[in-house]
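The chains referred to below are lettered A, B, ... by the order of the sequence lines, with proteins before strands, and numbering in each begins at 1.
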2 protein chains.
Amino acid sequence: MTCSPAHLAEQIRAKGFRLTPQRMAIFNVLHESGGHLVRTEIYERVQALAPVLTEPTVYRTLDFLVENELVRVTHAGNGRLEYELARHRHHHLHCSACGAELEIAHEQMQKIFAHLELSTGYRLTENHITLMGLCPHCQEIGD
Amino acid sequence: MTCSPAHLAEQIRAKGFRLTPQRMAIFNVLHESGGHLVRTEIYERVQALAPVLTEPTVYRTLDFLVENELVRVTHAGNGRLEYELARHRHHHLHCSACGAELEIAHEQMQKIFAHLELSTGYRLTENHITLMGLCPHCQEIGD
DNA sequence: TTTTTTATTGCAATAAGTTACAATAAGAAA
DNA sequence: TTTCTTATTGTAACTTATTGCAATAAAAAA
């Protein structure tokens, strides 16, 4: 598995950075939650488990983890940034009514990405897309 | 044209809202800029032309214009929200090195959108996507 | 035109996000 | 193990974002 705490330790040490309780705590919270969390959620969860860090540390540690490609960041519907472990590439459909999240395999998007790279000359980097919409259930209610 | 000041006035009045100098000023700034601006840029530009509003008004007016589909909001690379007039649907490729923006016609994305709607049952709503990458020029420099 | 209604704005207070810098502690060297 | 180096964190200050409420003014009615 490419997203275990052991992997985190290895990656950080390999690059000459330091393995701190703060970094492990944030990583573990993301690991246990499974999904994606915004900064305030991460801070609250770490505090609840063991108050080993402050708000600015959450802020900087997440940037650090993203830079080192251990964590991925995505845009939530409201403009907030959400964080999750850098596992397999995927995207999300978000129901703007009930908040349900549906995961989409990157393979489904691959073709359009490749096509865009060809037609524009751009080289696309780590893009995690969140598309907004209505889930089947909320469509029924709305109609 | 579906994005003229006259259209704004018509749309707002038709729904029983009020046409205020503040709303017109913000709309005009977006109209003249052509591209997309973040909130602080909009505030600064309006202030430079005619100081008719405050920061909270920019905040609420933009929400108002987005709700009424006169303005569209999109995610900038850094998590900030950018605003632009609701003209034809399109998306963006953003160069993370030099900041260049390339517009992509919605037609290029249409197929993948339709495919996702079919396979998931979700109904996708107004999605303006910004994909991050490196433009051809910055790829050369980097290599 | 004047009055009335209430959507909209500005002011002031609050909350959240961010930065600078001194203090701390992780890992290397002795 | 102890000392040393400096990456990393916490504190505190600062800036930006957001909200509540009273004051204002746009549009309708008289």
Side-chain angles (χ1 to χ4, degrees), chain A residues 5-6 8-29 36-47 49-68 70-71 73-83, chain B residues 5-29 36-68 70-71 73-83:
Chain A
L8 171 82
E10 187 191 312
Q11 287 288 307
I12 287 183
R13 288 238 174 73
K15 293 178 183 174
F17 297 119
R18 292 176 184 174
L19 188 65
T20 64
Q22 291 83 353
R23 282 174 181 171
M24 296 199 313
I26 288 176
F27 187 88
N28 283 333
V29 162
H36 19 77
L37 304 170
V38 297
R39 280 177 178 158
T40 49
E41 287 172 335
I42 294 167
Y43 177 66
E44 283 160 14
R45 293 197 185 194
V46 172
Q47 289 301 81
L49 291 171
V52 294
L53 45 65
T54 58
E55 273 278 20
T57 299
V58 175
Y59 181 80
R60 288 173 300 204
T61 301
L62 286 170
D63 284 351
F64 169 85
L65 293 172
V66 170
E67 273 167 32
N68 288 281
L70 292 158
V71 164
V73 59
T74 183
H75 298 282
N78 53 358
R80 291 284 116 74
L81 295 175
E82 292 183 339
Y83 297 84
Chain B
H7 179 251
L8 169 83
E10 187 191 313
Q11 286 289 306
I12 287 184
R13 288 238 175 75
K15 292 179 185 174
F17 298 118
R18 293 176 185 174
L19 186 65
T20 65
Q22 291 83 352
R23 284 174 180 170
M24 295 201 311
I26 288 176
F27 188 88
N28 284 333
V29 162
H36 18 76
L37 304 171
V38 297
R39 280 178 179 157
T40 50
E41 286 172 337
I42 294 167
Y43 177 66
E44 283 160 14
R45 292 196 186 196
V46 172
Q47 288 301 80
L49 292 170
V52 295
L53 46 66
T54 59
E55 273 279 20
T57 299
V58 174
Y59 181 80
R60 289 172 298 204
T61 301
L62 286 171
D63 284 351
F64 169 85
L65 292 172
V66 169
E67 272 167 32
N68 288 282
L70 293 158
V71 164
V73 59
T74 183
H75 298 284
N78 53 358
R80 291 284 115 75
L81 295 176
E82 292 183 338
Y83 297 84

- Which listed nucleotide (D/dG10, C/dT19, D/dA26) is nearest to the side chain of B/Thr20?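 Within the option list, the nearest is D/dA26.
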- Task: Counting heavy atoms from C-beta on, name the nucleotide in C/dG10, C/dT9, D/dT8 closest to the side chain of B/Leu53.
- Result: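 Shortest atom-to-atom distance from the side chain points to C/dG10.
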For [X] and [N], what is the distance between atoms [atom1] and [atom2] respectively, to the nearest whole Å?
X	N	atom1	atom2	answer
B/Met24	D/dA25	CE	P	15 Å
A/Tyr59	D/dG10	OH	P	16 Å
A/Tyr43	C/dA16	OH	C1'	12 Å
A/Leu81	C/dT18	CG	C1'	14 Å
B/Phe17	C/dT8	CZ	P	6 Å
A/Leu19	C/dA28	CG	C1'	16 Å
B/Leu62	C/dT9	CG	P	11 Å
B/Arg60	C/dT8	CZ	P	11 Å

- Message: Using modelled atom types and a 3.5 Å cut-off, is there a donor and acceptor pairing between side-chain atoms of A/Glu41 and backbone atoms of A/Val38?
- Response: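 Present.
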- Message: Quick check: on DNA chain D, is the nucleotide nearest A/Thr54 upstream (toward 5') of the one nearest B/Arg13, or the reverse? Name the residue that is more 5'.
- Response: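 Checking each residue's closest nucleotide, the 5'-ward one belongs to A/Thr54.
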- Message: Closest-nucleotide mapping onto DNA chain D: is A/Arg80 or B/Pro21 further toward the 5' terminus? I mean the 5' end.
- Response: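 Comparing both residues, the 5'-ward one is A/Arg80.
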What's [X] touching, base or sugar-phosphate or nothing? Going by heavy atoms closer than 4.0 Å.
X	answer
A/Val38	nothing
A/Glu55	nothing
A/Val58	nothing

- B/Gly16 vs A/Arg39, nearer the 5' end of DNA chain C by closest nucleotide: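 It is B/Gly16, whose closest nucleotide lies nearer the 5' terminus.
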- Message: Taking the side chain as everything from C-beta on, heavy atoms only, tell me whether B/Val52 gets closer than 4.5 Å to B/Gln47.
- Response: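 SC-SC contact between B/Val52 and B/Gln47 ruled out.
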- Could you tell me whether the side chain of B/Val58 reaches within less than 4.5 Å of the side chain of B/Val46, counting heavy atoms only?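 Sidechains of B/Val58 and B/Val46: no contact.
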- Message: I'd like to know if the side chain of B/Tyr83 pairs up with that of B/Arg39 as donor and acceptor (distance under 3.5 Å, no hydrogens or angles considered).
- Response: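 Their side chains do contain a donor-acceptor pair, which is all the 3.5 Å distance test asks for.
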- Task: May I ask you to verify if any side-chain N or O of A/Thr57 is less than 4.0 angstrom from the OP1 or OP2 atom of D/dG10?
- Result: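 Looking at the OP1 and OP2 atoms of D/dG10, one of them is under 4.0 Å from a side-chain N or O of A/Thr57.
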- Query: Can you check whether A/Gln22 has a side-chain N or O nearer than 4.0 Å to OP1 or OP2 of C/dA25?
  - Reply: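 For C/dA25, OP1/OP2 do not have a side-chain N/O of A/Gln22 under 4.0 Å.
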- Message: Parallel, tilted or perpendicular: which one describes the rings of B/His75 and A/His75, with boundaries at 30° and 60°?
- Response: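 Ring orientation, 0 to 90° scale: parallel.
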- Message: Regarding D/dT6, can its base be found pairing with the side chain of A/Arg18 as donor and acceptor, where the two atoms are less than 3.5 Å apart?
- Response: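 Yes.
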